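Some notes on the structure that comes next.
Chain letters run A, B, ... following the sequence lines, proteins first, then strands; residues in each count from 1. Small disclaimer: the values here were computed from a predicted structure and weren't measured.
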Amino acid sequence: MFTPAFFTTALLYLGYILIFPGFLFCFVIGLLLCGIDRKAVARMQKRVGPPILQPFYDFFKLCGKETIVPAAASRTTFMLAPLVGLAALVVIQLFIPVFNFRVFRNLPEVADMIVILYLLLIPAVSVMLGGAATGSPYAGIGLSREMVTVLAVELPLVMVLLSVAKAVGNELGTGLVFSLSGVVDYQAAHGSLIGHISMIPAALAMLLIIPGETGNHPFDAAEAETEICEGLLAEYSGAPLGIYKLSHAVKMLTLTSLFVALFLGGIGTGVEHLVAAVGLTGAVAGAVSLILQVLILVLLCIVLTLVTISFVHAVTARLKIEQLFKYYWTVVTGLALISLVLAWYGF
Amino acid sequence: MFKKLIEESTGKSPWLFHINAGSCNGCDIELVSVLTPRYDAERLGFKLSGTPRHADIVVVTGPVTQQSLARVLRTIEQVPEPRCIVTMGSCPQSGNVFRGSYAIAGPLSKYVHVDVDVAGCTPKPEAVIDGLVKATEILREKRRAMK
Ligand code: SF4
């Protein structure tokens with residue numbers, strides 16, 4: 001069992017988990033997205049805005065602060081909940097293909113969209129658990145609001161995933177394709193899904209889901225710092241708070257790269273053709289095209305963040321929780337439903 | 001290296017918590033104006049936080065009335081170390097026009113160590129930003145002194 005091949009594989013997977021596309025990648029790109037978002041919002045409000053690296057400063061500062069555990073809190077839950085949430089996000093990032101690169105190459109069935117749907121719930125649940133463990137009344141209000149937000153966003157997200165699965169399944173004649181790498185494989189061979197008429201409403205719905213799922217501005221009733229003192233995070237301080245802030249940043253990366261994988265997955269093939277056209281072959285070509293694909297992914301994530309998070313933040317005011325719920329279950333779910341019907345009839 | 005990083009970051013990301021200890025509301029409005037597009041203190045990393053647990057700098061306005069004294073002290077205790085206390089306006093320093101009133105328990109420095117005083121009634125936003133920047137330097141010093 002303990003052959004050299006085993007150790008190389010183990011080392012490789014360790015690299016995947018810790019460096020790319022795991023923890024380090026999530027950490028750097030997630031906080032970068034957060035910084036760009038804050039800067040962009042400031043510029044849209046005619047302010048100078050904080051430096052792009054501000055979230056990094058915030059994170060490291062919080063690491064150096066005292067952590068106060070409230071007397072009424074259950075200590076283990078309080079300290080462990082943030083870590084569980086972050087770990088779930090890093091795991092999702094491992095499952096989302098970066099165009100033609102994927103971690104579990106020989107196990108294409110290892111994670112389909114349903115798993116990602118479940119894993120996306122864990123960060124929200126971890127915030128709720130941690131907040132509830134503090135026993136703060138603000139956390140109580142935040143808890144109920146967060147629960148409603150999760151319920152509101154989940155339904156349209158399921159619809160979007162279903163319509164993508166149906167669209168790809170129709171084309172391939174295999175019913176529903178729930179495997180995320182299957183979806184990206186299909187796009188690599190036949191062009192991005194955004195080119196299909198039936199997928200345009202679903203893409204729009206997904207764009208609207210991103211700020212709701214990350215809990216960003218118009219949909220942040222659960223963390224409203226002006227009325228309920230950041231709700232679930234009210235009692236958190238120091239490093240655990242920093243990890244929650246980090247999770248929030250990583251969630252932006254997760255959702256934008258999920259969007260890219262679902263609707264823009266065909267770009268990777270273009271990059272490979274380009275690299276081949278320049279005349280590179282073998283391992284060099286593989287490395288160059290991987291680097292290019294990662295760069296393009298990061299760029300797309302930045303653009304998506306600017307459109308779905310920063311712009312929406314700058315032009316809207318916070319919704320009440322019942323407005324949020326109604327909005328997601330009517331407008332966004334409606335869009336996803338149109339897509340599903342269109343995909344069912346093969347447009 | 002990690003310690004140095006934390007120290008640098010502490011000076012660059014001070015989050016404020018604002019306590020109104022019986023102020024006439026003049027200073028409160030002026031503090032908000034520091035964060036508006038014209039003065040934009042967020043470019044230095046300042047951010048208004050909703051709860052004392054997230055704060056680094058506590059800004060106290062108002063002459064500390066008998067009623068508010070216990071609450072002010074309790075709120076300050078909830079702020080995790082390292083923390084800085086900044087008084088804004090002449091009220092928490094001296095009592096200002098309310099001095100001698102039976103309802104006043106101030107000045108604040110009788111009860112806690114105040115790091116920076118920004119005088120004026122109300123202080124100009126420039127003076128407030130200057131005071132807050134001084135407080136971030138003290139904050140960095142305090143972080144250095146920790147372990
Ligand atoms: S210093 Fe002046 S403006 Fe500020 S609270 Fe006191 S009286 Fe009001």
Side-chain angles (χ1 to χ4, degrees), chain A residues 31 34-35 38-39 41-71 73 78 131 134 136-139 141-142 220 223-242 244-245 314, chain B residues 1-19 28 32-58 74-84 125 129 136 139-147:
Chain A
L31 289 180
C34 194
R38 276 178 74 177
K39 187 82 180 173
V41 172
R43 296 304 300 162
M44 286 180 211
Q45 296 173 340
K46 294 211 166 174
R47 288 189 284 126
V48 177
I52 301 265
L53 293 181
Q54 188 63 41
F56 290 88
Y57 299 142
D58 290 351
F59 178 76
F60 286 118
K61 175 205 77 176
L62 286 170
C63 287
K65 293 274 286 182
E66 183 190 3
T67 306
I68 300 173
V69 184
F78 184 84
T134 61
S136 149
Y138 293 115
I141 303 174
D220 63 346
E223 278 180 22
E225 73 272 7
T226 38
E227 37 176 321
I228 54 167
C229 305
E230 314 222 354
L232 291 162
L233 302 183
E235 290 289 335
Y236 269 95
S237 60
L241 178 64
Y244 273 136
K245 296 274 170 198
Chain B
M1 189 198 93
F2 198 59
K3 199 170 173 231
K4 189 114 185 82
L5 197 63
I6 288 178
E7 209 179 285
E8 278 304 305
S9 309
T10 305
K12 282 183 172 152
S13 136
W15 293 355
L16 308 175
F17 184 74
H18 169 212
I19 310 176
D28 309 321
V32 174
S33 82
V34 164
L35 299 163
T36 53
R38 187 172 179 95
Y39 295 102
D40 188 28
E42 203 190 351
R43 71 201 139 96
L44 304 170
F46 291 105
K47 205 175 99 173
L48 215 48
S49 70
T51 137
R53 292 266 196 248
H54 300 185
D56 303 291
I57 298 179
V58 188
R74 193 163 156 214
T75 313
I76 288 174
E77 272 163 17
Q78 291 180 10
V79 179
E81 293 284 350
R83 62 172 176 235
C84 256
I129 294 176
T136 60
L139 209 58
R140 192 178 302 184
E141 287 304 314
K142 284 191 176 172
R143 171 64 225 175
R144 188 171 300 150
M146 275 169 80
K147 314 167 257 171

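Under the side chain to side chain contact (heavy atoms under 4.5 Å, CB included) criterion, B/Ile6 pairs with A/Cys63, B/Phe2, B/Thr10, B/Arg143, not counting sequence neighbours. Annotation: side chain to side chain contact (heavy atoms under 4.5 Å, CB included) contacts of B/Arg140 (sequence neighbours excluded): B/Glu7, B/Glu8, B/Arg144.
Residue A/Phe59 qualifies as enclosed at atom CZ: its count of foreign heavy atoms under 6.0 Å is above 12.
Note on A/Gly238, A/Gly49, A/Ala42: by heavy-atom pairs under 4.5 Å with chain B, the leading option is A/Gly49. Interface remark: of the candidates A/Lys46, A/Gln45, A/Glu235, A/Glu235 forms the most heavy-atom pairs closer than 4.5 Å to chain B. In terms of heavy-atom pairs under 4.5 angstrom with chain A, the leader among B/Asp56, B/Val79, B/Leu44 is B/Asp56.
A/Leu233 touches chain B through backbone and side chain together, each having a heavy atom under 4.5 Å away. Residue contact with chain A, scored on non-hydrogen atoms closer than 4.5 Å, involves the backbone of B/Leu35 exclusively. Only the side chain of A/Gln54 comes within contact range of chain B, with heavy atoms under 4.5 Å apart. For a residue to count as touching a neighbouring chain, one of its non-hydrogen atoms must lie under 4.5 Å from one of that chain's; by this rule B/Ala55 touches chain A with the backbone only.
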| said: Assess the residue pair B/Thr75 and B/Phe17 against the criterion (side chain to side chain contact (heavy atoms under 4.5 Å, CB included)); give the C-alpha distance rounded to whole Å, side-chain angles, the decisive distance to 0.1 Å, and a yes or no. | reply: CA-CA 10 Å; B/Thr75 313; B/Phe17 184 74; 3.5 Å; yes
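A cation-pi arrangement is found for A/Lys61 relative to B/Trp15, the charged atom lying closer than 6.0 Å to the ring centre and inside a 45° cone about the ring normal.
A donor-acceptor pair is defined here as one N or O able to donate and one able to accept, closer than 3.5 Å; no such pair exists between the side chain of B/Arg53 and the backbone of B/Pro80.
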